[in-house]
Each structure stands twice: as structure tokens, then as C-alpha cells.
Trainee: 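Before I ask anything, here is the structure I am working with.
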Amino acid sequence: MRILLLADAFNSLTQRAYAELADRGHHLGVELVTRATPLAALVPRHAPDLIVAPMLTTVVPREVWFAWPCLIVHPGPLGDRGPSSVDWAVQQGAERWGVTVLQADDEMDGGAIWATADCPVPDVGKSDLYRNEIADAAIEALLTAVARFAVGTHRPKPQHTLPVDRLLGCPRPRLRQEDRRIDWATAPTETVLRTLRAADSRPGVRDELLGGTWFLHGGHPEDTLTGRPGALLATRNGAVCRATADGAVWIPELRPARTPGGPAAVKLPATLALGDRLPPLPEIPAPLEAADGAPRTWSDIRYHEDGAAGFLRFSFPGGAMSTDHCRRLLAAYRHACTRPTSVLVLGGQRDFFSNGIHLNVIEAAADPAAESWANINAIDDLVEAVLTTTDRLVVAALGGNAAAGGAMLALAADEVWCRFAAVLNPHYRLMGLHGSEYWTYTLPRRVGPETAAHLMARALPITAAHGQRLGLVDRIVDCTAQEFGDHTGRLARRLADSPGIQSRIAAKKARRESDEARRPLAAHRDDELARMRRTFFDPDAPYHALRRAFVRKEGPCGTPAHLNAGAAGASTMPGAHG
């Protein structure tokens with residue numbers, strides 16, 4: 001079918017819907033919608049059989065949904081209505097939630113039902129939940145609805161004819177800042193965490209701190225440190241620890257309130273955002289290896305072993321890796337390589353693997369060009385360490401999405417394991433960059449030069465299954481987001497104990513030596529970085545404006561041309577099959 005996607009942004013769920021529908025052979029168009037977008041004029045150009053809105057907060061005009069069938073993906077259970085559904089689920093501590101696919105009509109979120117799916121709500125932030133459990137349910141319901149529409153005989157059911165869970169399925173108002181306010185003097189840690197997590201990516205929790213107004217982003221429990229409620233107690237790797245009424249929480253990121261008439265503020269690691277306002281506080285590192293039964297404390301990098309398998313887990317907000325993140329992860333990787341293991345798993349337990357360099361930190365730097373250069377060299381150092389590890393097998397375990405340099409970090413490993421729901425964006429050009437991270441070596445060796453060039457030029461998301469068909473992915477792990485860590489643990493232990501593991505390591509070492517003789521890794525790095533340096537230090541290069549628009553959440557003035565550059569389907573990719 002010809003399916004037109006309408007969305008506020010080409011965000012994680014829109015990308016996944018795009019990639020999943022493309023895998024099934026549908027011909028896709030995209031329109032990114034603002035309140036000023038003339039949808040009634042644009043939609044006929046696509047001549048769609050069906051319109052799908054995976055993430056849309058504006059109303060579809062009557063002249064559009066009356067003329068074309070239009071399915072709305074609402075991230076709430078049957079009967080739920082309102083713009084803050086997932087926020088309420090997290091803040092109120094719901095144990096289960098759902099997604100509803102309904103037909104657009106005059107009543108917002110009130111149309112007839114095409115499909116529903118439910119999901120658990122683990123103790124994670126809203127954005128993590130949205131990209132994983134909510135997205136899994138959304139795709140399940142969407143694919144069911146699209147299949148029912150394709151059959152042509154299914155009739156959606158009016159909402160009033162369906163049974164609704166009255167506790168979950170009810171209209172809810174927008175969750176406003178007054179509903180998110182934290183009373184630090186009385187609020188226990190559990191309440192503070194739910195409030196922070198319900199706003200972790202956007203909009204954050206508005207608060208007063210050190211004489212300024214800030215939005216707090218993200219929260220993690222701390223079981224040992226205590227102090228006067230509301231006081232800052234310590235720092236760790238860019239985060240601040242703040243006392244609650246009965247304990248403390250770690251807050252990784254802050255965003256200053258926007259000044260009247262000023263540009264949108266940038267979300268940053270908390271200590272970087274606070275700058276000179278931050279009083280002298282102890283920097284309390286977390287142990288890289290936490291003993292069983294140790295008190296809960298937050299760390300963005302952890303290492304543990306299970307038999308002959310080592311696991312280097314990391315999780316950075318938004319998947320962005322600053323110069324500091326890269327250097328600390330490299331130090332942890334080098335430590336892991338001193339351990340007597342035969343398999344090393346690199347990756348988080350769920351959510352983002354990596355999205356490459358940290359554009360927010362770069363934008364906020366006194367010299368963005370110099371920080372760009374430092375960041376790309378730091379991530380290159382990490383990738384080089386992975387590529388030159390020849391005494392064990394390295395597995396990149398992607399519990400969630402990977403993009404740009406983060407996707408290339410994964411490709412540096414010997415095997416890439418993806419949760420079935422992961423979306424890959426192995427390209428750079430939408431940020432005006434040639435890219436580095438040794439992609440000119442790792443990408444063609446996996447998919448061939450023609451497909452590598454096509455991936456880079458096409459700049460579109462692909463599913464893990466499509467990545468496996470292309471050769472980017474070695475194993476699909478079919479499990480929930482919560483189960484991914486345990487599943488990859490069992491697989492890694494099995495690989496480490498396999499009888500042929502040492503011969504595989506020896507063969508890997510021989511291939512690396514052969515490739516090095518053919519063209520040294522240093523030559524790839526030098527060529528890539530020469531292009532990157534020219535871009536970084538050219539003030540007129542598009543990268544700077546593109547970066548600024550991205551980090552300051554400036555909406556698009558239209559739909560990027562690459563999203564509608566011909567029919568989108570897995571079969572259009574060289575090397576794709578099945």
C-alpha cells in the first residue's frame with residue numbers, strides 16, 4: 001500500500017514505524033507537521049491508500065481524515081485521552097499501560113478503535129519506556145491495524161461499545177509543571193524518582209536551585225548518602241546528588257530556564273550546566289564492579305563477569321557520548337581487557353546503545369569547533385581499542401537504537417547482537433558530516449562498498465531484521481527490553497564456553513593482521529579526520545547550523561527531502577533480500 005506518515009517529528013517511534021512498514025513492502029511518504037503545515041494541500045500529492053500518525057500532537061484537519069482513512073497511534077490504553085498519557089503512567093506508578101490505534105474524527109482521541117496492545121511499566125524513565133515497552137506495543141497494534149485495513153472487510157469498533165478499564169482508560173489533562181513540583185522537604189525518594197522520571201527527556205521538572213531556575217532531567221536512587229532535604233550532597237561523572245526527605249537521588253542533567261527573547265536552552269550534564277554556581281562538593285566515584293548486595297548507587301558504566309564472559313555495561317542520557325564519556329568508557333574497556341575472559345560484551349541492558357558524539361555539550365562549549373574535534377578523537381580512540389582487541393571476541397549488544405558514530409562503535413565489534421526492536425541509523429549526512437569512527441573500514445567490510453555508500457546517502461532508519469539481511473547485525477534477540485540483559489548474558493556465556501572459541505580468536509587475529517597489511521587503520525582514521533576537521537573549523541559549514549537547530553529543538557520548516565526520495569522499502573537497498 002501507499003502509506004503516508006504524519007508526525008510532529010521523525011522521532012524514535014516514527015522512525016520505527018517507518019522502518020517496520022518499509023520492511024513489509026509498503027511505499028511510504030512522510031510529512032512533518034506544524035500548526036502551519038497545509039496538510040489539505042500536501043496530502044493529495046502522496047495519493048495515499050492510508051494515513052498513519054505515529055506521533056502527532058496537532059489535530060488532523062477534517063478535510064484530510066474525511067477524504068482519507070487516517071489511523072492515530074495514541075500511547076495510552078483504551079479510553080485514555082489527553083496529551084500526557086505516558087507522563088501520567090510514570091508519575092502515578094502504573095504497573096501496566098497500553099497503546100490504542102484509532103481512527104481520526106472530530107473528537108480528539110475519540111475515534112473508532114482499530115487495534116490495541118498492552119505493556120508493562122518497569123521502573124524506568126518516560127523516554128526509555130516510550131522507546132521500548134510503549135514502542136513495542138505501538139508497533140504491534142499498528143501492524144495489526146494496517147493488516148486489518150489491507151484486508152478491507154474489518155470495521156473498527158466505536159469506543160463506547162468496548163469495555164474500558166476505568167482506572168486506566170479515562171481522559172487526563174496535560175501534566176503541567178505545577179503537577180510536577182517537588183516538595184523536597186517532605187517528598188520521599190520514591191515520589192521524587194517518579195516525578196523526575198515522568199519528565200526525564202521533556203519537559204523536565206522546573207525547580208529552583210542555587211539561585212537559578214532549572215529544569216531537572218532524569219533521576220536515579222541513592223541508598224547511602226543523606227542530608228538536609230533539597231541540599232546538594234555530591235557529584236559523580238557530571239551528575240549531582242540531591243537529598244530527599246528520606247534519602248537522595250542522582251540527577252544527571254539540567255537545563256536552565258529560557259531567558260525572555262533568548263534562544264532555547266540546552267540540556268547538559270548537571271555539573272556542566274551549573275558551572276561556577278556549583279559549590280565545593282565531593283566527587284564520589286562509583287566502583288566499576290559493584291559487589292552483590294551492595295547499596296544502590298547510580299553509575300553510567302559498570303563491569304561484571306560471569307565465568308569466561310565479561311560485561312561492560314554503559315548507559316548515557318539520550319545515547320550521546322561526550323569527550324568525558326568516551327574517555328571514561330575507554331578506561332573501563334581497557335580494564336576489562338586485562339581480565340581473563342574470552343568474550344567481552346559491550347553495551348547497556350536496555351534502551352540506547354549510542355548515538356555518537358554529544359552535540360549538546362559541543363554546542364555549549366566556549367569553542368564548539370575545538371570541542372567537536374576533541375569529542376571525535378575521543379570516540380575514535382574507543383573504537384580503535386575495540387578494533388585492535390585480538391585476544392578475545394567482542395560483542396556489541398544493542399538493547400536499543402544506535403546511530404551515526406554509535407552505530408559504527410557497534411560495527412567495530414566481532415559480533416553485533418540486537419534486540420528485535422532496535423532501529424539503526426548508520427549514517428552522518430543529516431548533520432552535515434562525513435563521519436569518522438573508522439566507518440570507511442568497518443561498514444564496507446560488512447556490507448560491501450555499494451551498500452555502504454547507499455546507506456550513507458539514503459540516510460534512513462532500518463530495522464534490526466533489515467540490518468541482519470544486509471550483514472550489519474549477526475544475531476536478533478527476540479525478547480522484551482527488560483529481558484535483554486539476561487538473554488545476552490546467557491548467549492555470551494554459551495559463546496565463551498563453546499569448544500571453538502580459541503580458534504575463532506586466532507582467526508580474528510589473523511584477519512586483523514591481514515587487513516592492517518592491506519591498509520592500516522591509521523590511514524582510515526587520518527582520511528576521515530581530515531574531512532571532519534575541515535568541517536568543524538569552517539564556520540560556514542552546514543554542520544554548525546544543523547547542530548544548533550538539533551540541540552535547541554528548532555522545528556523543521558518543512559519535510560526533509562530524503563524522507564520522500566522515492567519509494568521506501570527494504571527491497572530498494574542493494575544487498576537486501578527476503
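Index from 1, following the sequence.
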Trainee: Are any of the side-chain heavy atoms of Leu233 and Leu281 separated by less than 4.5 Å?
Mentor: no

Trainee: Between His524 and Arg519, is there a side-chain donor-acceptor contact under 3.5 Å, judged purely by atom types and distance?
Mentor: yes

Trainee: Tell me if the aromatic rings of Trp250 and His220 count as close, with their centers under 6.0 Å from one another.
Mentor: no

Trainee: Among residues at least two apart in sequence or on other chains, which ones pass side-chain contact (heavy atoms from CB on, under 4.5 Å) with Ser299?
Mentor: Ala286, Arg302

Trainee: Distance alone, cut at 3.5 Å: any donor-acceptor contact between the side chains of Ser514 and Arg518?
Mentor: yes

Trainee: Return yes if a side-chain donor-acceptor contact under 3.5 Å exists between Glu528 and Tyr441, otherwise no.
Mentor: no

Trainee: Assess, by modelled atom type and distance only, whether the side chains of Trp373 and Glu371 contain a donor and an acceptor separated by less than 3.5 Å.
Mentor: no

Trainee: For Glu363, which residues count as a side-chain contact (heavy atoms from CB on, under 4.5 Å) partner, sequence neighbours excluded?
Mentor: Val266, Arg547, Arg548, Val551, Arg552

Trainee: Lys126: which residues meet the side chain to side chain donor-acceptor pair (under 3.5 Å) condition with it, sequence neighbours left out?
Mentor: Asp87

Trainee: In this structure, are over 12 heavy atoms from other groups packed under 6.0 Å from Asp123 atom CG?
Mentor: no

Trainee: Side chains of Ser315 and Asp300 only: does a donor on one sit below 3.5 Å from an acceptor on the other?
Mentor: no

Trainee: Tell me whether Asp391 is salt-bridged to Lys508, with the criterion being a basic N under 4.0 Å from an acidic carboxylate O.
Mentor: no

Trainee: Is it the case that atom CZ in Phe537 sees more than 12 heavy atoms from other parts of the structure closer than 6.0 Å?
Mentor: yes

Trainee: Distance alone, cut at 3.5 Å: any donor-acceptor contact between the side chains of Asn132 and Asp128?
Mentor: yes

